[in-house]
2 protein chains.
Amino acid sequence: MSSPALDTRSRILDAACRALGSGEAAPEIRMADIAKAAGVSRQALYLHFKNRADLLIATVRHVDIAADTDAVLAESRGATGPRRLSAWIAAWGGYIETVYPYAKALMAMYDDDPDAAAAWDDRMHAMREGCAAAVEALVRADRLTPDLTPDLATDLLFALLSIRMWEVLTKEQGWPIERYIAEMTKLAHARLVVAAAPV
Amino acid sequence: MSSPALDTRSRILDAACRALGSGEAAPEIRMADIAKAAGVSRQALYLHFKNRADLLIATVRHVDIAADTDAVLAESRGATGPRRLSAWIAAWGGYIETVYPYAKALMAMYDDDPDAAAAWDDRMHAMREGCAAAVEALVRADRLTPDLTPDLATDLLFALLSIRMWEVLTKEQGWPIERYIAEMTKLAHARLVVAAAPV
DNA sequence: GCGGGACTTGACATCGTGTCAATCTAACTC
DNA sequence: GAGTTAGATTGACACGATGTCAAGTCCCGC
(Lines give C-alpha, C1' and ligand atoms only; values in the text may rest on other atoms or scores of the structure.)
Protein backbone atom coordinates (compact mmCIF):
# COMPACT_ATOMS: atom_id res chain seq x y z
CA MET A 1 0.00 0.00 0.00
CA SER A 2 2.60 2.49 1.03
CA SER A 3 4.48 3.44 -2.08
CA PRO A 4 8.23 3.08 -1.66
CA ALA A 5 8.55 6.82 -2.24
CA LEU A 6 6.42 7.64 0.75
CA ASP A 7 8.27 5.11 2.78
CA THR A 8 11.60 6.73 2.03
CA ARG A 9 10.26 10.17 2.65
CA SER A 10 9.02 9.26 6.08
CA ARG A 11 12.20 7.38 6.89
CA ILE A 12 14.02 10.61 6.17
CA LEU A 13 11.62 12.63 8.28
CA ASP A 14 11.95 10.18 11.14
CA ALA A 15 15.71 10.37 10.97
CA ALA A 16 15.67 14.15 10.89
CA CYS A 17 13.25 14.06 13.76
CA ARG A 18 15.52 11.90 15.86
CA ALA A 19 18.46 14.10 14.99
CA LEU A 20 16.65 17.27 16.01
CA GLY A 21 15.24 15.66 19.12
CA SER A 22 18.55 14.39 20.42
CA GLY A 23 19.87 17.57 21.96
CA GLU A 24 22.08 18.28 18.97
CA ALA A 25 22.00 21.95 17.98
CA ALA A 26 20.17 22.38 14.71
CA PRO A 27 22.96 24.07 12.73
CA GLU A 28 25.20 21.10 13.48
CA ILE A 29 22.91 18.63 11.80
CA ARG A 30 24.25 17.93 8.33
CA MET A 31 22.41 16.54 5.39
CA ALA A 32 24.88 13.68 5.24
CA ASP A 33 24.09 12.77 8.84
CA ILE A 34 20.38 12.63 8.23
CA ALA A 35 20.89 10.58 5.10
CA LYS A 36 23.07 8.11 6.96
CA ALA A 37 20.60 7.86 9.83
CA ALA A 38 17.79 7.24 7.38
CA GLY A 39 19.83 4.59 5.60
CA VAL A 40 19.59 6.49 2.37
CA SER A 41 21.96 8.30 0.05
CA ARG A 42 22.55 11.99 0.57
CA GLN A 43 21.10 12.68 -2.84
CA ALA A 44 17.86 10.96 -1.97
CA LEU A 45 17.15 13.82 0.41
CA TYR A 46 17.10 16.19 -2.53
CA LEU A 47 14.61 13.98 -4.33
CA HIS A 48 12.12 14.66 -1.56
CA PHE A 49 13.01 18.12 -0.26
CA LYS A 50 14.25 21.05 -2.19
CA ASN A 51 16.94 21.91 0.31
CA ARG A 52 18.03 21.67 3.92
CA ALA A 53 15.61 24.30 5.21
CA ASP A 54 12.73 22.62 3.42
CA LEU A 55 13.57 19.31 5.02
CA LEU A 56 13.84 20.75 8.50
CA ILE A 57 10.62 22.68 8.18
CA ALA A 58 8.86 19.54 7.00
CA THR A 59 10.36 17.73 9.97
CA VAL A 60 8.98 20.26 12.41
CA ARG A 61 5.54 20.03 10.83
CA HIS A 62 5.80 16.26 10.93
CA VAL A 63 6.48 16.34 14.63
CA ASP A 64 3.64 18.39 15.87
CA ILE A 65 0.89 16.83 13.92
CA ALA A 66 0.40 14.96 17.16
CA ALA A 67 0.90 17.76 19.67
CA ASP A 68 -0.52 20.78 17.96
CA THR A 69 -0.71 24.32 19.23
CA ASP A 70 -4.43 24.45 18.62
CA ALA A 71 -4.99 21.47 20.84
CA VAL A 72 -3.07 23.18 23.61
CA LEU A 73 -5.07 26.28 23.09
CA ALA A 74 -8.26 24.28 23.31
CA GLU A 75 -7.14 22.70 26.54
CA SER A 76 -7.45 25.98 28.37
CA ARG A 77 -10.63 27.10 26.66
CA GLY A 78 -12.87 25.80 29.38
CA ALA A 79 -11.85 28.03 32.26
CA THR A 80 -12.83 31.65 32.81
CA GLY A 81 -11.22 34.68 34.45
CA PRO A 82 -7.87 34.25 36.18
CA ARG A 83 -8.20 30.45 36.13
CA ARG A 84 -8.10 30.57 32.40
CA LEU A 85 -4.80 32.42 32.58
CA SER A 86 -3.43 29.70 34.83
CA ALA A 87 -4.69 26.96 32.57
CA TRP A 88 -3.16 28.58 29.54
CA ILE A 89 0.23 29.00 31.17
CA ALA A 90 0.26 25.41 32.39
CA ALA A 91 -0.81 24.02 29.03
CA TRP A 92 1.66 26.10 27.10
CA GLY A 93 4.52 25.38 29.49
CA GLY A 94 3.99 21.66 29.05
CA TYR A 95 3.71 22.02 25.32
CA ILE A 96 6.97 23.91 24.93
CA GLU A 97 8.79 21.15 26.69
CA THR A 98 7.88 18.56 24.08
CA VAL A 99 8.29 20.87 21.14
CA TYR A 100 11.33 22.83 22.17
CA PRO A 101 14.07 21.22 20.05
CA TYR A 102 12.00 21.62 16.92
CA ALA A 103 11.03 25.16 17.74
CA LYS A 104 14.69 25.93 18.28
CA ALA A 105 15.59 24.56 14.88
CA LEU A 106 12.97 26.77 13.30
CA MET A 107 14.26 29.78 15.20
CA ALA A 108 17.79 29.09 14.05
CA MET A 109 16.69 29.16 10.43
CA TYR A 110 14.59 32.28 10.85
CA ASP A 111 17.14 34.75 9.51
CA ASP A 112 18.32 32.67 6.58
CA ASP A 113 15.18 31.16 5.22
CA PRO A 114 11.94 33.02 4.48
CA ASP A 115 9.90 29.82 4.56
CA ALA A 116 11.23 28.96 7.98
CA ALA A 117 10.40 32.49 9.08
CA ALA A 118 6.86 32.09 7.78
CA ALA A 119 6.45 28.75 9.54
CA TRP A 120 7.69 30.29 12.75
CA ASP A 121 5.49 33.36 12.48
CA ASP A 122 2.54 31.11 11.90
CA ARG A 123 3.20 29.23 15.10
CA MET A 124 3.78 32.38 17.07
CA HIS A 125 0.58 33.85 15.76
CA ALA A 126 -1.39 30.91 17.11
CA MET A 127 0.42 31.24 20.41
CA ARG A 128 -0.34 34.94 20.61
CA GLU A 129 -4.01 34.19 20.14
CA GLY A 130 -3.85 31.95 23.16
CA CYS A 131 -2.43 34.86 25.15
CA ALA A 132 -5.01 37.27 23.81
CA ALA A 133 -7.79 34.87 24.72
CA ALA A 134 -6.47 34.51 28.26
CA VAL A 135 -6.33 38.29 28.61
CA GLU A 136 -9.80 38.56 27.15
CA ALA A 137 -11.01 36.15 29.82
CA LEU A 138 -9.60 38.50 32.45
CA VAL A 139 -11.29 41.48 30.86
CA ARG A 140 -14.63 39.68 30.80
CA ALA A 141 -14.28 38.80 34.46
CA ASP A 142 -13.30 42.41 35.15
CA ARG A 143 -10.03 41.26 36.59
CA LEU A 144 -7.46 42.84 34.30
CA THR A 145 -5.24 45.33 36.11
CA PRO A 146 -6.64 48.75 35.21
CA ASP A 147 -3.35 50.30 34.12
CA LEU A 148 -2.96 47.73 31.33
CA THR A 149 -4.76 47.76 28.02
CA PRO A 150 -5.65 44.31 26.68
CA ASP A 151 -3.07 44.77 23.93
CA LEU A 152 -0.30 45.65 26.29
CA ALA A 153 -1.23 42.81 28.59
CA THR A 154 -1.17 40.42 25.65
CA ASP A 155 2.27 41.65 24.59
CA LEU A 156 3.53 41.16 28.08
CA LEU A 157 2.09 37.70 28.48
CA PHE A 158 3.35 36.70 25.06
CA ALA A 159 6.84 37.81 26.00
CA LEU A 160 6.72 36.07 29.38
CA LEU A 161 5.72 32.82 27.74
CA SER A 162 8.09 33.14 24.81
CA ILE A 163 10.33 30.22 24.02
CA ARG A 164 13.24 32.53 24.70
CA MET A 165 12.13 33.04 28.26
CA TRP A 166 11.49 29.33 28.69
CA GLU A 167 14.99 28.69 27.43
CA VAL A 168 16.60 31.05 29.90
CA LEU A 169 14.76 29.63 32.88
CA THR A 170 14.80 25.92 32.17
CA LYS A 171 17.90 25.46 30.03
CA GLU A 172 20.24 28.11 31.38
CA GLN A 173 19.06 28.28 34.96
CA GLY A 174 18.02 24.67 35.18
CA TRP A 175 14.53 25.19 36.52
CA PRO A 176 12.34 22.09 36.44
CA ILE A 177 9.24 22.53 34.35
CA GLU A 178 6.99 22.57 37.43
CA ARG A 179 8.81 25.52 38.87
CA TYR A 180 8.68 27.27 35.54
CA ILE A 181 4.93 26.89 35.38
CA ALA A 182 4.40 27.83 39.00
CA GLU A 183 6.55 30.93 38.84
CA MET A 184 5.25 32.10 35.51
CA THR A 185 1.74 31.73 36.78
CA LYS A 186 2.49 33.79 39.85
CA LEU A 187 4.35 36.38 37.81
CA ALA A 188 1.59 36.80 35.28
CA HIS A 189 -1.04 36.96 37.98
CA ALA A 190 0.95 39.49 39.98
CA ARG A 191 1.10 41.86 37.08
CA LEU A 192 -2.07 41.21 35.08
CA VAL A 193 -4.73 40.30 37.59
CA VAL A 194 -6.41 42.60 40.03
CA ALA A 195 -8.29 41.41 43.10
CA ALA A 196 -11.97 40.74 42.62
CA ALA A 197 -14.09 43.77 43.35
CA PRO A 198 -16.07 43.46 46.58
CA VAL A 199 -19.73 42.73 45.99
CA MET B 1 54.37 56.11 18.73
CA SER B 2 51.64 53.84 17.49
CA SER B 3 53.36 50.96 15.75
CA PRO B 4 51.82 50.23 12.37
CA ALA B 5 50.77 46.84 13.75
CA LEU B 6 48.57 48.39 16.40
CA ASP B 7 47.19 50.73 13.86
CA THR B 8 46.12 47.91 11.56
CA ARG B 9 44.72 45.92 14.42
CA SER B 10 42.49 48.73 15.50
CA ARG B 11 41.48 49.49 11.95
CA ILE B 12 40.30 45.89 11.75
CA LEU B 13 38.48 46.12 15.05
CA ASP B 14 36.80 49.34 13.98
CA ALA B 15 35.67 47.77 10.74
CA ALA B 16 34.35 44.69 12.55
CA CYS B 17 32.67 46.99 14.98
CA ARG B 18 30.90 48.90 12.27
CA ALA B 19 29.88 45.66 10.59
CA LEU B 20 28.42 44.24 13.80
CA GLY B 21 26.77 47.50 14.68
CA SER B 22 25.02 47.94 11.35
CA GLY B 23 22.09 45.63 11.85
CA GLU B 24 23.75 42.84 9.91
CA ALA B 25 23.26 39.45 11.55
CA ALA B 26 26.54 38.22 12.94
CA PRO B 27 26.76 34.93 11.01
CA GLU B 28 26.45 36.88 7.78
CA ILE B 29 29.58 38.89 8.41
CA ARG B 30 32.42 37.33 6.48
CA MET B 31 36.10 37.74 7.07
CA ALA B 32 36.49 39.09 3.55
CA ASP B 33 33.93 41.80 4.27
CA ILE B 34 35.71 42.96 7.38
CA ALA B 35 39.04 42.97 5.58
CA LYS B 36 37.63 45.03 2.77
CA ALA B 37 36.01 47.49 5.16
CA ALA B 38 39.29 47.84 7.03
CA GLY B 39 41.17 48.41 3.79
CA VAL B 40 43.36 45.43 4.48
CA SER B 41 43.95 42.02 2.97
CA ARG B 42 41.94 39.09 4.22
CA GLN B 43 45.11 37.41 5.40
CA ALA B 44 46.04 40.37 7.55
CA LEU B 45 43.12 39.45 9.80
CA TYR B 46 44.81 36.17 10.58
CA LEU B 47 48.01 37.98 11.51
CA HIS B 48 46.15 39.64 14.35
CA PHE B 49 43.44 37.18 15.34
CA LYS B 50 43.65 33.45 15.38
CA ASN B 51 40.27 32.99 13.73
CA ARG B 52 36.88 34.50 13.13
CA ALA B 53 35.56 33.88 16.62
CA ASP B 54 38.66 35.40 18.14
CA LEU B 55 38.22 38.52 16.06
CA LEU B 56 34.57 38.91 16.93
CA ILE B 57 35.18 38.37 20.61
CA ALA B 58 37.94 40.97 20.54
CA THR B 59 35.53 43.28 18.75
CA VAL B 60 32.92 42.90 21.44
CA ARG B 61 35.49 43.58 24.15
CA HIS B 62 36.72 46.56 22.17
CA VAL B 63 33.25 48.01 22.06
CA ASP B 64 32.33 48.00 25.67
CA ILE B 65 35.51 49.34 27.08
CA ALA B 66 33.54 52.55 27.03
CA ALA B 67 30.17 51.31 28.24
CA ASP B 68 31.02 48.55 30.67
CA THR B 69 28.69 46.39 32.66
CA ASP B 70 30.38 47.32 35.88
CA ALA B 71 29.73 50.98 35.24
CA VAL B 72 26.05 50.21 34.74
CA LEU B 73 26.03 48.20 37.91
CA ALA B 74 27.62 51.07 39.75
CA GLU B 75 25.03 53.48 38.45
CA SER B 76 22.34 51.83 40.53
CA ARG B 77 24.48 51.27 43.61
CA GLY B 78 23.32 54.44 45.30
CA ALA B 79 19.65 53.63 45.84
CA THR B 80 18.18 51.34 48.49
CA GLY B 81 15.12 49.11 48.72
CA PRO B 82 12.67 49.04 45.82
CA ARG B 83 14.19 52.18 44.31
CA ARG B 84 17.37 50.27 43.77
CA LEU B 85 15.46 47.68 41.80
CA SER B 86 14.02 50.43 39.62
CA ALA B 87 17.40 52.02 39.12
CA TRP B 88 18.95 48.72 38.15
CA ILE B 89 16.27 47.93 35.62
CA ALA B 90 16.50 51.38 34.06
CA ALA B 91 20.28 51.29 33.89
CA TRP B 92 20.37 47.80 32.46
CA GLY B 93 17.64 48.49 29.94
CA GLY B 94 19.54 51.46 28.60
CA TYR B 95 22.75 49.50 28.51
CA ILE B 96 21.34 46.62 26.51
CA GLU B 97 20.22 49.01 23.86
CA THR B 98 23.73 50.17 23.09
CA VAL B 99 25.31 46.80 23.43
CA TYR B 100 22.69 44.60 21.83
CA PRO B 101 24.24 43.91 18.42
CA TYR B 102 27.49 42.85 20.00
CA ALA B 103 25.80 40.74 22.61
CA LYS B 104 23.86 39.05 19.86
CA ALA B 105 27.02 38.23 17.99
CA LEU B 106 28.45 36.65 21.11
CA MET B 107 25.26 34.68 21.63
CA ALA B 108 25.36 33.41 18.09
CA MET B 109 28.85 32.04 18.62
CA TYR B 110 28.03 30.48 21.95
CA ASP B 111 27.47 26.94 20.73
CA ASP B 112 30.41 26.79 18.36
CA ASP B 113 33.16 28.49 20.21
CA PRO B 114 34.18 27.82 23.81
CA ASP B 115 35.96 31.16 24.09
CA ALA B 116 32.86 32.99 22.96
CA ALA B 117 30.88 30.99 25.50
CA ALA B 118 33.31 31.98 28.23
CA ALA B 119 33.15 35.64 27.25
CA TRP B 120 29.37 35.47 27.30
CA ASP B 121 29.21 33.68 30.63
CA ASP B 122 31.52 36.27 32.07
CA ARG B 123 29.21 39.08 31.03
CA MET B 124 26.14 37.25 32.27
CA HIS B 125 27.78 36.61 35.57
CA ALA B 126 28.33 40.32 36.08
CA MET B 127 24.75 40.97 35.09
CA ARG B 128 23.49 38.37 37.53
CA GLU B 129 25.38 40.08 40.30
CA GLY B 130 23.52 43.25 39.51
CA CYS B 131 20.26 41.35 39.91
CA ALA B 132 21.40 39.72 43.11
CA ALA B 133 22.40 43.10 44.51
CA ALA B 134 19.00 44.57 43.67
CA VAL B 135 17.28 41.64 45.39
CA GLU B 136 19.60 42.01 48.34
CA ALA B 137 18.55 45.65 48.61
CA LEU B 138 14.94 44.48 48.84
CA VAL B 139 15.80 41.97 51.52
CA ARG B 140 17.62 44.59 53.56
CA ALA B 141 14.63 46.90 53.33
CA ASP B 142 12.39 43.97 54.29
CA ARG B 143 10.46 44.40 51.07
CA LEU B 144 11.03 41.10 49.28
CA THR B 145 7.82 39.15 48.74
CA PRO B 146 7.82 36.47 51.45
CA ASP B 147 7.13 33.52 49.18
CA LEU B 148 10.36 34.13 47.27
CA THR B 149 13.83 33.21 48.41
CA PRO B 150 16.55 35.65 47.37
CA ASP B 151 17.93 33.05 44.97
CA LEU B 152 14.63 32.46 43.29
CA ALA B 153 13.97 36.17 43.06
CA THR B 154 17.38 36.67 41.49
CA ASP B 155 16.71 33.93 38.94
CA LEU B 156 13.44 35.51 38.05
CA LEU B 157 14.81 39.01 37.74
CA PHE B 158 17.75 37.73 35.71
CA ALA B 159 15.37 36.03 33.31
CA LEU B 160 13.11 39.05 33.04
CA LEU B 161 16.05 41.26 32.18
CA SER B 162 17.71 38.75 29.87
CA ILE B 163 18.74 39.91 26.43
CA ARG B 164 16.32 37.32 25.08
CA MET B 165 13.41 38.99 26.76
CA TRP B 166 14.58 42.40 25.62
CA GLU B 167 14.77 41.04 22.10
CA VAL B 168 11.23 39.75 22.14
CA LEU B 169 9.76 42.96 23.47
CA THR B 170 11.72 45.59 21.59
CA LYS B 171 12.72 43.83 18.38
CA GLU B 172 9.81 41.48 17.77
CA GLN B 173 7.03 43.47 19.35
CA GLY B 174 8.49 46.86 18.59
CA TRP B 175 8.27 48.35 22.06
CA PRO B 176 10.19 51.58 22.50
CA ILE B 177 12.87 51.36 25.12
CA GLU B 178 10.94 53.60 27.52
CA ARG B 179 8.00 51.25 27.52
CA TYR B 180 10.30 48.32 28.02
CA ILE B 181 11.83 49.92 31.08
CA ALA B 182 8.49 51.07 32.47
CA GLU B 183 6.78 47.71 32.03
CA MET B 184 9.70 45.67 33.27
CA THR B 185 9.89 47.84 36.31
CA LYS B 186 6.20 47.36 37.05
CA LEU B 187 6.43 43.66 36.38
CA ALA B 188 9.40 43.13 38.66
CA HIS B 189 7.86 45.23 41.37
CA ALA B 190 4.53 43.43 41.11
CA ARG B 191 6.17 40.09 41.71
CA LEU B 192 9.18 40.81 43.91
CA VAL B 193 8.20 43.70 46.12
CA VAL B 194 5.79 43.61 48.99
CA ALA B 195 4.16 46.70 50.49
CA ALA B 196 6.04 48.37 53.32
CA ALA B 197 5.02 47.05 56.68
CA PRO B 198 3.05 49.56 58.74
CA VAL B 199 5.11 51.21 61.45
C1' DG C 1 10.61 -9.16 -20.86
C1' DC C 2 10.27 -4.21 -20.92
C1' DG C 3 9.54 0.60 -19.53
C1' DG C 4 9.81 3.83 -16.01
C1' DG C 5 10.17 5.71 -11.50
C1' DA C 6 12.95 5.60 -7.23
C1' DC C 7 17.36 5.39 -5.63
C1' DT C 8 22.51 5.16 -5.87
C1' DT C 9 27.13 6.50 -7.23
C1' DG C 10 30.48 9.57 -8.16
C1' DA C 11 31.81 13.84 -9.94
C1' DC C 12 31.58 18.63 -9.76
C1' DA C 13 30.57 23.84 -8.79
C1' DT C 14 30.40 27.11 -5.11
C1' DC C 15 31.37 29.50 -0.93
C1' DG C 16 33.45 30.45 3.32
C1' DT C 17 37.26 29.43 6.64
C1' DG C 18 41.82 28.74 7.59
C1' DT C 19 46.88 27.74 6.04
C1' DC C 20 51.09 28.38 3.52
C1' DA C 21 54.87 30.24 0.81
C1' DA C 22 56.80 33.84 -1.80
C1' DT C 23 57.23 38.56 -2.29
C1' DC C 24 57.18 43.42 -1.17
C1' DT C 25 58.04 47.49 1.71
C1' DA C 26 59.17 50.55 5.03
C1' DA C 27 61.37 51.45 9.18
C1' DC C 28 65.06 50.57 12.44
C1' DT C 29 70.02 49.51 13.26
C1' DC C 30 74.75 49.51 12.56
C1' DG D 1 73.76 53.73 2.92
C1' DA D 2 73.18 48.51 3.32
C1' DG D 3 71.12 44.77 5.84
C1' DT D 4 67.72 42.96 8.80
C1' DT D 5 63.22 42.38 10.10
C1' DA D 6 58.35 42.83 11.24
C1' DG D 7 54.12 43.66 9.01
C1' DA D 8 51.40 43.28 4.72
C1' DT D 9 50.22 41.58 0.28
C1' DT D 10 49.29 38.21 -3.29
C1' DG D 11 47.87 34.02 -4.90
C1' DA D 12 47.33 29.30 -4.23
C1' DC D 13 45.44 25.56 -1.82
C1' DA D 14 42.97 22.12 1.53
C1' DC D 15 38.74 21.35 3.78
C1' DG D 16 33.89 20.80 4.77
C1' DA D 17 29.22 21.77 3.70
C1' DT D 18 25.42 22.53 0.34
C1' DG D 19 23.44 21.80 -3.85
C1' DT D 20 23.51 20.06 -8.92
C1' DC D 21 24.16 16.82 -12.61
C1' DA D 22 24.58 12.63 -15.38
C1' DA D 23 24.90 7.92 -15.69
C1' DG D 24 23.84 3.64 -13.93
C1' DT D 25 21.13 0.10 -11.08
C1' DC D 26 17.11 -2.09 -9.19
C1' DC D 27 12.54 -3.36 -8.83
C1' DC D 28 7.55 -3.23 -9.86
C1' DG D 29 3.68 -3.45 -12.77
C1' DC D 30 2.05 -4.16 -17.28
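What you are looking at is a predicted structure, and each value in this text was computed from that prediction instead of being measured. We name chains A, B, ... by the order of the sequence lines, and we start the count at 1 in each one.
Taking 4.0 angstrom as the limit, B:His48 places a side-chain polar atom (N or O) nearer than this to OP1 or OP2 of D:dA8. Distances shorter than 4.0 Å separate none of the side-chain N or O atoms of A:Thr8 from OP1 or OP2 on C:dA6.
The main-chain N or O of A:Ile177 is never found under 3.5 Å from a side-chain atom of A:Thr170 such that the two would form a donor-acceptor pair. At distances below 3.5 Å, at least one donor-acceptor pair connects side-chain atoms of B:Arg11 with backbone N or O atoms of B:Ala38. Of the possible donor and acceptor atoms, one in the side chain of A:Arg52 sits under 3.5 Å from a partner among the backbone N and O of A:Ile29.
When rounded to the nearest whole Å, the span between CD1 of A:Ile29 and C1' of D:dT18 equals 15 Å. Distance B:Asp7 CG to C:dA26 P: 15 Å, rounded to the nearest Å. Remark: P of D:dG19 and CD1 of A:Ile34 are 11 Å apart, rounded to the nearest angstrom. With rounding to whole Å, A:Leu47 atom CG is found 12 Å from D:dT20 atom C1'. As rounded to whole Å, 13 Å separates atom P of C:dG16 from atom CG of A:Asp112. Here the C1' atom of nucleotide C:dT8 and the CD1 atom of A:Ile12 are 13 Å apart, to the nearest Å. When rounded to the nearest whole Å, the span between CE of A:Met31 and C1' of D:dA17 equals 11 Å. Between the CG atom of B:Leu45 and the P atom of C:dT17 there is a distance of 10 Å, rounded to whole Å.
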- Task: Would you sort out whether B:Val60 and B:Trp120 count as a side chain to side chain contact (heavy atoms under 4.5 Å, CB included), showing the intermediate values?
- Result: CA-CA 10 Å; B:Val60 175; B:Trp120 175 260; over 6 Å; no
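Remark: the A:His62 side chain and the A:Ser10 side chain contain no N/O donor-acceptor pair separated by less than 3.5 Å.
Taking only side-chain atoms of B:Arg42, from C-beta outward, the nucleotide of D:dT18, D:dA8, D:dA12 with the closest atom is D:dA12. With distances taken from any side-chain atom of B:Ala44 to the nucleotides D:dT18, C:dT8, D:dA8, the minimum falls on D:dA8.
Counting distance only, with no hydrogens placed and no angle test, the side-chain atoms of A:Gln43 and the base atoms of D:dT20 include a donor-acceptor pair under 3.5 Å.
Residue whose closest nucleotide on DNA chain D sits further toward the 5' end, between A:Arg30 and A:Lys50: A:Arg30.
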